[in-house]
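These numbers come from a predicted model, not from an experiment.
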Amino acid sequence: MREKEVEVHLRDRVKALGGKAYKFVSPGNSGVPDRLVCLPGGIKIFVEAKAPGKKPTALQKAEQAKLVKLGNSVFNLDSKAEVDKFIEYCELLIR
């Protein structure tokens, strides 16, 4: 499975919840997460999608730490099963 498949699964599952999983690009800021998930109720979560078994780079980890320090949630997902667990968490948040 490729990273793209994980991203597509994430996008589709978030859409089914009534949310959006925007492809997130921040010019001049390398290492930012791939997706900005926006859920009903104003909930925003950053997501880094990876191919199975792949881990975030040191730069990505540093950027994620900055986002967390600012009070944001960041998830690293490397499989469809991880996406499904993330969606279960999201369902709890929007209830």
Task: Residue pairs fulfilling salt bridge (Lys or Arg N to Asp or Glu O under 4.0 Å) with at least one residue in residues 69-81, sequence neighbours excluded - done: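 Output for this query is empty, none listed.
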
- [ ] Sort and list the pairs that fulfil ring-ring contact (aromatic ring centres under 6.0 Å, His included) and have at least one residue in residues 16-35, not counting sequence neighbours.
- [x] F24-F46

TODO: Output all residues satisfying side-chain contact (heavy atoms from CB on, under 4.5 Å) with V68, sequence neighbours left out; order by chain, then residue number.
DONE: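 side-chain contact (heavy atoms from CB on, under 4.5 Å) list for V68, sorted by chain: V74.
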
For [X], which residues count as a side chain to side chain donor-acceptor pair (under 3.5 Å) partner, sequence neighbours excluded?
X   : answer
K66 : E63
S73 : none
K23 : E7

Open item on the list: Who clusters with V8? Use side-chain heavy atoms, under 4.5 angstrom, across I, L, V, M, F, W and Y, and order the result by chain and number.
Closed with: none

- [ ] Go through the structure and list residues passing salt bridge (Lys or Arg N to Asp or Glu O under 4.0 Å) with K15, not counting sequence neighbours.
- [x] none

Name every donor-acceptor pair, under 3.5 Å, that has one atom in a side chain of residues 48-56 and the other anywhere in the protein, sequence neighbours excluded.
from : atom 1 : to  : atom 2 : distance (Å)
E48  : OE1    : D34 : N      : 3.3
E48  : OE2    : Q60 : NE2    : 3.2
K50  : NZ     : Q60 : OE1    : 3.0

Only distances under 3.5 Å count here; give the side-chain donor-acceptor pairs of residues 83-95 to other protein atoms, sequence neighbours excluded, each with its distance to 0.1 Å.
from : atom 1 : to  : atom 2 : distance (Å)
D84  : OD1    : H9  : NE2    : 2.8
D84  : OD1    : R13 : NH1    : 2.5

TODO: Indicate the atoms forming the closest heavy-atom contact of G18 with P40, along with that distance.
DONE: O-CG, 3.8 Å

TODO: Determine, using the 4.5 Å side-chain heavy-atom cutoff (strictly less than), whether L17 and I45 are members of one ILVMFWY cluster.
DONE: yes

